[in-house]
Number of protein chains: 2
Amino acid sequence: MDIVTFPTNADLRLPRYQLIRDDIVRRIADGQWAPEQAIPTEADLCQAYEVSIGTLRKAIDLLVADGVLTRTQGKGTFVRRPRFDSSLFRFFRFKSADGKSVQPTGKVLGRTVLKPSEAIRAALQMKSSEKCIRLSRVRLIDSEPVLREEIWLARHRFEALTTLPLDEFGDLMYPLYERTCRQIVASATETLTVEQATEEDAAALRVDLGSAVIQVQRIAADFAGTPIEWRTTRGAAAGFQYQVDIR
Amino acid sequence: MDIVTFPTNADLRLPRYQLIRDDIVRRIADGQWAPEQAIPTEADLCQAYEVSIGTLRKAIDLLVADGVLTRTQGKGTFVRRPRFDSSLFRFFRFKSADGKSVQPTGKVLGRTVLKPSEAIRAALQMKSSEKCIRLSRVRLIDSEPVLREEIWLARHRFEALTTLPLDEFGDLMYPLYERTCRQIVASATETLTVEQATEEDAAALRVDLGSAVIQVQRIAADFAGTPIEWRTTRGAAAGFQYQVDIR
DNA sequence: CAGTGGTCTAGACCACATC
DNA sequence: ATGTGGTCTAGACCACTGT
């Protein structure tokens, strides 16, 4: 690796390990270092950044703690591919008819291109002239619908999804985003609330009208922290459980 | 500080920073180093543990990340007093009549000494012959009940609470535990579920029978990780919101 | 001013993975 | 055997806090 000069907009009064941390994140967000690939060795990075091993390791420690990198002794340091498309299973415990826990399948029911509400436009940091792709989707276990989802994407990032046939979307959205649109989801913020089942919920999820439903609203972002997906998921509260550790 | 010899049950093959981390936790759990007090300086600890500054700092970094210690440049390193008696407000957004968010008061309604269920006995790691103190409690805002709580404590740890008048328990339990029984809560695990309001819920919380209620079950532990309190809290789901960041 | 934690160096040796 | 990350050393100087 060549010697690195930090961007002129970086605050050079910051500790060097911070500057290095930010530079590594930038390279990953840029796609210079891709998920599941190894980044240069510690020795190379020390030379490139002109710091000692201790300082470099402090920067990498931060990124490992953030879940951006993983290290394996003897092998190298790798960009971690975030795999939380199935993270809703932190909230909902799903079991198939035979009692085993399983990953649901996904099915896109509808797609529209339209102007987003002001809330969604702001959440996705879009200009007011831009349009969204809206997808409605169900998740199924043993062909039984268990979750209803509404997904909003900025059209300019996901142009390819405006024409893809609905039956080619597959079960997982995030690998699709990466494959077809080069958009990699790296983090998300989720907000849980309890709602009452609407008529649509009752029909789709086969629960009683007005019964308790958990709603998970998610805003997913790329490595640079730019929001790329707005999603709402609703499921019967009966299957809900969530555990937190606090210190 | 004198030179430290590690306990014979410690696995000396572990990295030194791990051994040091565990020894510091033990001293805090023992009460040798109390909350809000400074621990010895880095230089002293290096001498005592016979390691270099880098190794010692790695141990302390772990404890800072765990929320056990806090460091202040120029002042020292301090044992952090965990303050999450009010952590339920991560889940429930409470507002008083005038719209300001506020801390509820607490009122203990009843106290019983009895044998715990097998689940609670196991959760509190108690012998089968031991008894529990069971408290029932409500949390109020503007004198309106908003949360119902059931608390189970091992009697042998909390003997003083068997005789304390109920109106002297105060609004917060954890400072009470520390003051009267020298039990310090340092961490907890909480599990959220959605239930239907029972008749007791409906009467106490003024919600409709069968309406959605959030239940938070908490097991609180001391610095050594020993469970000391089992608690269930129930409140109307209408005021519930929870946010998580995932990476 | 003295004492504290914050940053950083320039190495060393070890354990593990791969060839 | 070679290359990787994991652990550890024995210092240095800086920034901040208090007297």
Side-chain angles (χ1 to χ4, degrees), chain A residues 1 3-6 10-24 27-28 33-80, chain B residues 1 3-6 10-24 27-28 33-80:
Chain A
M1 264 185 74
I3 288 175
V4 172
T5 54
F6 293 104
D11 186 344
L12 296 176
R13 293 169 305 181
L14 287 173
R16 303 235 234 169
Y17 65 83
Q18 270 288 359
L19 296 172
I20 294 171
R21 191 210 105 101
D22 294 345
D23 190 68
I24 293 176
R27 284 167 186 268
I28 295 172
W33 295 336
E36 292 182 7
Q37 293 193 352
I39 69 173
T41 67
E42 295 184 339
D44 283 354
L45 290 171
C46 287
Q47 280 194 18
Y49 290 115
E50 298 184 288
V51 294
S52 72
I53 178 77
T55 303
L56 179 82
R57 289 186 67 90
K58 180 141 188 178
I60 292 182
D61 283 346
L62 292 174
L63 291 166
V64 170
D66 280 354
V68 174
L69 299 178
T70 55
R71 287 190 285 204
T72 313
Q73 181 173 146
K75 296 184 72 175
T77 302
F78 301 82
V79 180
R80 180 161 167 262
Chain B
M1 266 185 74
I3 288 174
V4 172
T5 53
F6 292 105
D11 186 344
L12 297 176
R13 293 169 306 180
L14 287 172
R16 304 237 230 165
Y17 68 82
Q18 270 289 358
L19 297 171
I20 294 171
R21 192 210 105 102
D22 293 346
D23 190 67
I24 292 175
R27 283 167 187 268
I28 294 172
W33 295 336
E36 294 181 8
Q37 292 194 351
I39 69 173
T41 68
E42 295 184 338
D44 283 353
L45 290 170
C46 288
Q47 280 194 19
Y49 291 116
E50 297 183 289
V51 295
S52 72
I53 180 75
T55 303
L56 179 81
R57 288 187 67 90
K58 179 140 188 180
I60 292 182
D61 283 346
L62 292 174
L63 291 166
V64 170
D66 281 354
V68 174
L69 298 177
T70 57
R71 287 190 285 205
T72 314
Q73 182 173 149
K75 296 181 72 173
T77 303
F78 301 82
V79 180
R80 179 159 169 263

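On a predicted model such as this, the values are computed, not experimentally measured, just so you know. Here is how names work: the chains are called A, B, and so on, in the same order as the sequence lines, proteins then strands, and each is numbered from 1.
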Side chains of residues 52-60 of chain A: which donor-acceptor pairs under 3.5 Å do they make with residues two or more places apart or in other chains?
| residue | atom | partner | partner atom | Å |
| --- | --- | --- | --- | --- |
| A/R57 | NH1 | A/E42 | OE1 | 3.1 |
| A/R57 | NH1 | A/E42 | OE2 | 2.4 |

List, one per line, each side-chain donor-acceptor pair under 3.5 Å for residues 64-78 of chain A, sequence neighbours excluded.
| residue | atom | partner | partner atom | Å |
| --- | --- | --- | --- | --- |
| A/D66 | OD2 | A/R21 | NH1 | 2.5 |
| A/R71 | NH1 | A/D61 | OD1 | 3.2 |
| A/R71 | NH2 | A/D61 | OD1 | 2.4 |

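For B/E50, there are no salt bridge (charged side-chain N to carboxylate O under 4.0 Å, His left out) partners, not counting sequence neighbours.
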*Could you please spell out the steps behind the side-chain contact (heavy atoms from CB on, under 4.5 Å) verdict for B/V51 and B/R16?*
CA-CA 8 Å; B/V51 295; B/R16 304 237 230 165; 3.9 Å; yes
*Residues A/W33, A/I24; criterion side-chain contact (heavy atoms from CB on, under 4.5 Å); working and verdict*: CA-CA 9 Å; A/W33 295 336; A/I24 293 176; 3.8 Å; yes
*asked:* Working note: B/D23 + B/I20, criterion side-chain contact (heavy atoms from CB on, under 4.5 Å); need CA distance, chi angles, decisive distance, verdict.
replied: CA-CA 5 Å; B/D23 190 67; B/I20 294 171; 5.6 Å; no
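Separation of atoms CD (A/Q47) and OG1 (A/T41) is listed at 8.5 Å; rounding is to 0.5 Å. The OH atom of B/Y17 lies 11.0 Å from the CG atom of B/D22; values are rounded to the nearest 0.5 Å.
When DNA chain D is scanned in the 5' to 3' direction for atoms under 4.0 Å from non-hydrogen atoms of chain A, the outermost contacting nucleotides are D/dG3 to D/dT7.
Looking at which nucleotide of DNA chain C each of A/I53 and A/Y17 is closest to, the 5′-most match is held by A/Y17.
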Could you write out each protein N or O paired with an N or O of nucleotides 3-5 of chain C at a distance under 3.5 Å?
| residue | atom | partner | partner atom | Å |
| --- | --- | --- | --- | --- |
| C/dG3 | N2 | B/G74 | O | 3.2 |
| C/dT4 | O2 | B/G74 | N | 3.2 |
| C/dG5 | OP1 | B/T77 | N | 3.4 |
| C/dG5 | OP1 | B/T77 | OG1 | 3.3 |
| C/dG5 | OP2 | B/E42 | N | 2.9 |

